There are 2 protein chains.
Amino acid sequence: MNSIDEATRLQIMRLLADNPELTQRELAEALGISLGSAHYCLRALIRTGLVKADNFRHSSNRRRYAYFLTPTGLAEKVRATRAFLERKQAEHEALQQEIARLRQELGEERS
Amino acid sequence: MNSIDEATRLQIMRLLADNPELTQRELAEALGISLGSAHYCLRALIRTGLVKADNFRHSSNRRRYAYFLTPTGLAEKVRATRAFLERKQAEHEALQQEIARLRQELGEERS
DNA sequence: CCGAGGTTGTTCATTCCCTGAACATGCATG
DNA sequence: CATGCATGTTCAGGGAATGAACAACCTCGG
């Protein structure tokens with residue numbers, strides 16, 4: 001994940017909003033990407049001030065960081081969600097047209 | 001395009017079915033992929049007998065090949081179109097759910 | 001005929017991005 | 001203290017995509 005993918009960024013923010021104690025490995029698995037990519041993307045979020053990594057060594061378990069969205073991060077999450085929704089709606093419409101075209105091409109009724 | 005992408009293969013076959021005189025460069029541009037990828041994918045189609053390259057040096061223009069779908073290619077195109085349609089329908093439904101979830105998350109009415 | 005110019009197919013070094021194994025670090029437990 | 005373990009961090013390696021460069025062929029004007 002180099003040219004930080006917008007969708008991945010957003011998914012990470014959404015996951016962390018609900019569960020800040022997720023591990024990088026858990027994030028990676030949840031998103032279906034590699035550990036390296038998750039790390040890189042998370043690093044970018046921290047660098048740009050959208051996520052803050054709080055370490056809690058006093059905690060009883062061995063996890064070292066909890067990744068909280070900053071206020072800026074929360075706002076960005078809303079903004080990105082809106083943009084993402086718009087893209088998804090466009091995709092949805094395009095798909096509808098494509099499906100209609102394919103159906104016509106096959107000369108079939110709707111299943 | 002190494003592990004020959006199913007979708008790309010199908011798109012090429014669909015384009016050629018309507019216009020066998022398309023250039024590799026034109027195919028690439030139409031699909032939004034590189035010349036090298038289009039070449040590679042077309043080569044695979046020819047190798048597997050789905051497309052036949054007819055050269056017509058006697059033609060008045062300078063293009064060298066017309067890429068026709070073979071009978072096998074035509075059948076494969078229908079089969080692949082069906083599979084493609086099914087995938088697209090699944091995508092469509094998944095998108096619908098995702099859009100609903102995003103809308104709810106944003107607490108917005110439908111636009 | 002010939003050479004210049006143009007169009008196309010073909011190759012392949014380069015780039016980009018992802019992957020996950022290996023390593024570093026800190027905590028808990030005995 | 002030492003061992004084990006969960007986690008964060010790094011980075012060499014590989015696969016796929018790119019497009020510049022090359023090869024082959026055609027046309028056309030001279």
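So that the names make sense, note that chain A is the first sequence line, chain B the second, and so on, each numbered from 1. A quick note: this is a predicted structure, and the numbers were derived from the prediction, not measured.
- For T70(B), the side-chain contact (heavy atoms from CB on, under 4.5 Å) partners two or more places apart in sequence, or in a different chain, are K52(B), T72(B).
- Distance OH (Y40(B)) to C1' (dG19(D)): 18 Å, rounded to an integer number of Å.
- Taking atom CG on D5(B) and atom P on dA16(D), their separation rounds to 11 Å, with Å as the unit.
- Note: CD (E21(B)) to P (dT7(C)) measures 16 Å, nearest angstrom.
- Spacing between atom NE2 of H39(A) and atom P of dA22(C) amounts to 18 Å, rounded to whole angstrom units.
- Nearest-nucleotide assignment on DNA chain D puts the 5′-proximal partner with E26(A), out of E26(A) and G36(B).
- As rounded to whole Å, 15 Å separates atom C1' of dT11(C) from atom CG of L42(B).
- The nearest whole Å value for the distance from the CD atom in Q24(A) to the P atom in dT7(D) is 10 Å.
- The pair E21(B)-R64(B) does not meet the salt-bridge criterion, since no charged nitrogen lies less than 4.0 angstrom from a carboxylate oxygen.
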Practice prompt. For V51(B) and F68(B), run side chain to side chain contact (heavy atoms under 4.5 Å, CB included): C-alpha distance rounded to whole Å, both residues' side-chain angles, the deciding distance at 0.1 Å, then the answer.
Written response: CA-CA 6 Å; V51(B) 166; F68(B) 291 103; over 6 Å; no
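- Closest to the side chain of S37(A), from the set dT19(C), dG8(D), dT18(D), is dT19(C).
- The interatomic distance linking R47(A) (CZ) with dT9(D) (C1') rounds to 14 Å, in whole Å.
- The residue among R25(B) and S34(B) whose nearest nucleotide of DNA chain D lies closer to the 5′ end is S34(B).
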Can I get a per-line list of side-chain donor-acceptor pairs under 3.5 Å for residues 41-50 of chain A, giving both atom names and the distance, sequence neighbours left out?
| residue | atom | partner | partner atom | Å |
| --- | --- | --- | --- | --- |
| T48(A) | OG1 | A44(A) | O | 2.9 |
| T48(A) | OG1 | L45(A) | O | 3.2 |

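- The CG-P distance, from L35(A) to dG20(C), rounds to 9 Å in whole Å.
- You'll find that the side chain of Y65(B) is closest to dG9(C), out of dA17(D), dT7(D), dG9(C).
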